[in-house]
Number of protein chains: 2
Amino acid sequence: MPTIGFETHDHHACVSDAMAKAEARCAASDLRLTPVRRRVLELLLAEHRALGAYDILGHLSAEGLGTQPPVAYRALDFLVKAGFAHRVEALNAYIACTHLGADHAPAFLICRNCRSVAESNTALTQGRLGDAARAAGFQIEHTVVEAQGLCPACQTGDAA
Amino acid sequence: MPTIGFETHDHHACVSDAMAKAEARCAASDLRLTPVRRRVLELLLAEHRALGAYDILGHLSAEGLGTQPPVAYRALDFLVKAGFAHRVEALNAYIACTHLGADHAPAFLICRNCRSVAESNTALTQGRLGDAARAAGFQIEHTVVEAQGLCPACQTGDAA
DNA sequence: CCAAGATTGTTATAATATAACTCTTGTTAG
DNA sequence: CTAACAAGAGTTATATTATAACAATCTTGG
Ligand SMILES: [Zn+2]
Ligand SMILES: [Zn+2]
Ligand SMILES: [Zn+2]
Ligand SMILES: [Zn+2]
């Protein structure tokens, strides 16, 4: 029972849906979903977990798609800039976006045990930090909101 | 005019006050503020900016307090665990806590231009992410909330 | 075809972080 | 007092994450 994003779901549909949306957006926005970029997005989508750049590179290299770090980093940069993936700062890792298409400020629930990640939304500019920013005259461009802890599956039979 | 935490203030008092509180807390909690740890805290307090571990190590080494990475990392680990400093995930850097003594979930406003950082508070478990976490059965242990953008000083005469 | 720009290949290196072992020092049980 | 222990600091080596720089190739419009 692979809990994914902490909930069971039709993951096959989830993946193909996301790939279709990504392709549509590339076609619409004149972005190029090249083989390496496509494969990296597939790898990220395959698991609702954060993967490091070198995890990705390992897969790519096993599949003959590239052996050097810049290959992975460039693909990840593209996906992040295009909004198809997010960088998880607290893990120095990357994860596929689960709200493809929507313009959103992502927030993550990160399991410290199994590294599974659920993506939620935030409206930070509306909360207390937004107030503080406005009061200070600080202009927010990007937000990082990451909660770390234990996912439901890892709370029982723990691994503290 | 060194805007500090985005506001001018009596920084000399700010630093000595923080050092006094840290010493008091160490005495009360049986923590040892050794020379290296004390000096690293002073270095972090001196600027309301995030400093990398190797920035710190540079100062330490210039002062004969240690030349190898573990010296800096151990001191920083101590300060973070003791609550005297925070790690800024988005910068892989460290900053002195400006709410010493209070048990708090820090949130940061980070200028991408001058790396100055203002510390605010968050109550993430009460907001939308907290709701999502409860709904998913996710147990939050630690939160990372970092807003990146431009501080007041860097908005004029910019450096986009 | 050709030029311009985007993408990829490749080498090398930078920046961040930790493992593991030693040595010193200070505390304390006996 | 002194052996035993624990915490801290010194040191070496290495792991992990990330980027600079330049050459080669592909893509697309003219
Ligand atoms: Zn899925
Ligand atoms: Zn888990
Ligand atoms: Zn100050
Ligand atoms: Zn600034």
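Chain A is the first sequence line, chain B the second, and so forth, proteins listed ahead of strands; every chain is numbered from 1. Only heavy atoms go into these numbers, but all of them, side chains included; no hydrogens, no water, no symmetry mates.
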*Look at the side chain of B:R37 and the backbone N and O of B:L79, then say whether any donor-acceptor pair between them is shorter than 3.5 Å.*
no
*Got a donor-acceptor contact below 3.5 angstrom from the A:H142 side chain to the B:E146 backbone?*
no
*asked:* With a strict under 4.0 Å distance from non-hydrogen atoms of chain A, what nucleotide opens and what nucleotide closes the contacted stretch of DNA chain C, reading 5' to 3'?
replied: C:dA6 to C:dT11
*Is B:R87 reaching over with its side chain to a backbone N or O of B:V80, donor-acceptor style, under 3.5 angstrom?*
no
_Under 4.0 Å from a heavy atom of chain A: give me the 5'-most and 3'-most nucleotides of DNA chain D that qualify._
D:dT17 to D:dT27
*Which residues within residues 23-41 of chain B lie with some heavy atom under 4.0 Å of an atom in DNA chain C?*
none
*Between A:L65 and B:L91, name the one whose nearest nucleotide on DNA chain C is closer to the 5' end.*
A:L65
*side chain to side chain contact (heavy atoms under 4.5 Å, CB included) partner of B:V71, chosen from B:I56, B:V40, B:V36*: B:V36
*Hey, quick one: are A:L76 and A:L100 part of the same hydrophobic cluster, counting side-chain heavy atoms closer than 4.5 Å, chains of contacts allowed?*
yes
*asked:* Quick check: on DNA chain D, is the nucleotide nearest B:N92 upstream (toward 5') of the one nearest B:G64, or the reverse? Name the residue that is more 5'.
replied: B:G64
*Using rotation axes that map the C1' atoms of four end pairs onto the next four (five pairs an end), what angle separates the end axes of the helix from C:dC1-D:dG30 to C:dG30-D:dC1, to 10°?*
30°
_Looking at B:G137, is its backbone amide N or carbonyl O close enough to the side chain of A:Q155 to form a donor-acceptor pair, meaning the two atoms are under 3.5 Å apart?_
yes
_Donor-acceptor check, side chain of B:R25 to backbone of B:A82, threshold 3.5 angstrom: yes or no?_
yes
_Give me each pair satisfying ring-ring contact (aromatic ring centres under 6.0 Å, His included) with a member in residues 72-92 of chain A, each pair once, sequence neighbours excluded._
A:H86-A:H104, A:H86-A:F108
*Which of residues 70-88 of chain B sit near DNA chain C, with a heavy atom under 4.0 Å from it?*
B:P70, B:Y73, B:R74, B:R87
